[in-house]
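Some notes on the structure that comes next.
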Amino acid sequence: NMKNHHDATPLWWKYCRLQVLVLIMILLSSCSLDNNNTGVMGQAAGNNNMNSMNFQQMMQHAQNLLMNAHQLKQSSNNGNRSEYEIGTAIQNAKQAFWASIQKYDGKSVQLLQAAMQGYLQCFALEGDVAMGFVSIAEAMFRQGDHLQAKNFLVQGLQVNPKHEAGLNLAKMMGLSNVSEVLDDERDKQNRVFRKASSSGSNSSTPRYRTNLPPEACSNANECAKVVTNTGNNSDPLENGWDASAHKLYQTQLSQIKSLPTMQVSFPVRNQGQQKNVFNGFTVSELGWWDRINEGTWESETLDVFDQYVSPDTTVVDFGAWIGPTIFYTAQIAKRVIAIEADPHAFASLERNLALNAGQAWSSKVTLESVCVSTPNDTGVMTMKSADAGNSCSSLGENVEWACGGVKEEWQVRCYTLPYLFAQRGITIDPRSPVFIKVDIESYECALIPSFYDWLVGEKFLPTIFVSFHPQITLCDEEQLRGVMKVLKLYEHVSCEAGKRPLKLSPTNSFGDFQEQLIANGCFQSSEYSDFVLNGRAGDPSWLKQFL
């Protein structure tokens, strides 16, 4: 979450590469999507005002119309708006988003993605997000792209397997047994999931391993049995770096030591009646740090820290990158564990912390140059990056897609989070709350579901602040169901850094979960895809044995 260009991607994006989708969307401008919505997109092309706008202006116009539709929908709960007025607002937003797609200029990929996301949100406001997927599927089918049509149709029918328009389209496409198609798709996704290593390591590594090492323990009880120096071991965990990792570390350390230093200060921030005032700190001079001094860096992230990190809190931060989140939370929290597995970034983090050795808060920070993984991915694994140190390095199998290619690889040792907690003597209780920040660029799909076996057995839960970025859209169904399962453990779940609450309960279906993500626009930008999980869910029957 350190780079502003990491905008989020719609849920359906996993089915096709961006360049193919762009071409398809442009070709679709002459198509009628479905009988119920005939003319919606054609009307957009005939609107003189919209035709005079460029792509960026049209997107802003469409987003404003969508916001207006949201507001009208909310006010309808009080009987203040008619169904006709709300329906008209939604249709206006639909046609504006489609018009913006027609005007795509080939420059702003993120805005194109947001346009498609906005189009689906319009259907979500009507309570029929499946229709959005089905409409796109029909247009693709009419255009002759039967493979992508099937992919979008499957996505729509996964949301609502009994969707009438979707079933009719399936018949039109010659898919006589829809249940079989959905089962085949699910089996295909699961086979891919089992076959591929979620770490992106060599293909010879099986997805499910046997004879796992001690650091693969998946819950507190297991880890207590394998960790012998609980709370007393102050030595860093073995990082397992290979020659490539050591070279990246030494090269960056040499370069950064030659740089001049600069003074950095977080702005004074108001949190209720209390002002958080931070000491300035020293870092090796890089242009990026000017964002902190200017107060332009991720105010939403700092808002979350202000709300959930207190003087009693232990913060576990991975990935910590070059230190901005660490230097903020360490001035509030009782203790900070900073984990960064990119050796280039770790060299900068280590150097910047050393420059502040005289500050009282710096002694609260423990650095670890390892990675946190699922039990299956523990041990020495391969990490990849388009450019080491750029805040987009990951174990994730989708790192090449998420980070714009892979230029560098290195080996690093990985541990489960429960193992690290046991090794560092971290326990979770109301008197000593734990805050976990997760920012691991395309590995969330695998990691977050693995937390379930650990968290379901904990009476008190850590607050988790996880930045999904685009990669959750690439989760296969099994992984996304695993994410939902973890989220259901929590009383409060929200996206947009805590501002957009989701209503999850043990009875929510997978389709409900998908609809909420789309309706709340949880992936229309990088800030919207920052999720906050806080507080254990209130004693549902399936948790009573643990409470």
Side-chain angles (χ1 to χ4, degrees), residues 1-6 235-266 278-298 301 315 317-331 336-371 383-394 399 403-413 437 439-441:
N1 204 28
M2 303 299 174
K3 294 287 183 82
N4 291 334
H5 66 268
H6 290 169
D235 295 332
L237 294 170
E238 170 58 43
N239 61 26
W241 284 359
D242 63 357
S244 296
H246 282 287
K247 182 178 180 180
L248 287 168
Y249 171 80
Q250 292 295 342
T251 299
Q252 174 61 5
L253 190 62
S254 176
Q255 291 176 350
I256 202 167
K257 283 184 176 180
S258 67
L259 294 176
T261 60
M262 63 181 292
Q263 293 298 307
V264 179
S265 297
F266 285 105
F278 296 90
N279 295 323
F281 53 93
T282 304
V283 295
S284 295
E285 186 172 357
L286 294 172
W288 183 89
W289 289 101
D290 290 335
R291 300 184 189 183
I292 302 295
N293 282 332
E294 295 165 358
T296 59
W297 180 75
E298 295 193 12
T301 296
V315 173
D317 187 328
F318 57 100
W321 195 40
I322 63 175
T325 55
I326 298 306
F327 296 162
Y328 193 91
T329 56
Q331 297 194 50
V336 176
I337 310 294
I339 305 167
E340 179 51 63
D342 180 329
H344 184 288
F346 184 81
S348 298
L349 174 62
E350 187 179 56
R351 171 65 174 168
N352 289 334
L353 185 62
L355 290 173
N356 293 278
Q359 300 257 27
W361 54 263
S362 68
S363 62
K364 303 177 186 178
V365 180
T366 300
L367 302 184
E368 297 284 3
S369 55
V370 301
C371 74
M383 178 165 277
K384 301 179 181 182
S385 177
D387 184 14
N390 75 344
S391 87
C392 197
S393 304
S394 179
V399 63
C403 299
V406 170
K407 296 179 181 177
E408 295 169 305
E409 298 183 3
W410 60 91
Q411 299 291 307
V412 62
R413 183 171 290 279
K437 172 189 151 283
D439 189 0
I440 48 177
E441 312 297 341

Quiz item: Any side-chain hydrogen bond (donor to acceptor under 3.5 Å, both in side chains) pairs touching residues 253-263, not counting sequence neighbours?
Solution: Q263-T282
Quiz item: How far apart are the closest heavy atoms of A341 and V412, and which atoms are they?
Solution: CB-CG2, 4.1 Å
Exercise. Could you tell me whether the side chain of N356 reaches within less than 4.5 Å of the side chain of W361, counting heavy atoms only?
Key: yes
Exercise. Measure the shortest side-chain to side-chain distance between N279 and Q331 over non-hydrogen atoms and say whether it is less than 4.5 angstrom.
Key: yes
Quiz prompt | Close side-chain approach of I339 to C371, heavy-atom, < 4.5 Å | solution = no
Quiz item: Sub-3.5 Å donor-acceptor pair from the side chain of K384 to the main-chain atoms of W410, do we have one?
Solution: no
Quiz item: How about D439 and W321: do any of their side-chain heavy atoms sit closer than 4.5 Å?
Solution: no
Practice problem: Starting at CG of D317, measure out to NZ of K437 and round the result to the nearest 0.5 Å. | Solution: 3.5 Å
Self-check item: Spacing of CD belonging to Q252 relative to CG belonging to L349, to within rounding of 0.5 Å
Solution: 11.5 Å
Self-check item: Plane angle bin for W297 and W288 - parallel if under 30°, tilted between 30 and 60°, otherwise perpendicular
Solution: perpendicular
Self-check item: Reported CZ-to-OH distance for the pair F278 and Y328, which is rounded to 0.5 angstrom
Solution: 3.5 Å
Practice problem: Check for a donor-acceptor pair, side chain of E408 on one end and backbone N or O of A388 on the other, with a separation under 3.5 Å. | Solution: yes
Practice problem: Taking the side chain as every heavy atom from C-beta outward, state whether V283 and F327 have any pair of such atoms under 4.5 Å apart. | Solution: yes
Quiz item: Are any non-hydrogen side-chain atoms of S362 and L353 less than 4.5 angstrom apart?
Solution: yes
Quiz item: Side chains of I322 and W289: closer than 4.5 Å at any heavy-atom pair?
Solution: yes
Quiz prompt | Point-to-point distance, once rounded to the nearest 0.5 Å, from CG of N239 to CD of E340 | solution = 12.0 Å
Quiz item: Looking at A330 and V336, what are the two nearest heavy atoms and their distance?
Solution: CA-CG2, 3.7 Å
Quiz prompt | Donor on one side chain, acceptor on other, E409 and S244, under 3.5 Å | solution = no
Exercise. If a pair satisfies salt bridge (Lys or Arg N to Asp or Glu O under 4.0 Å) and one of its residues is in residues 341-369, list it, with sequence neighbours excluded.
Key: E368-R424
Self-check item: 4.5 Å side-chain heavy-atom contact, M262 and N293
Solution: yes
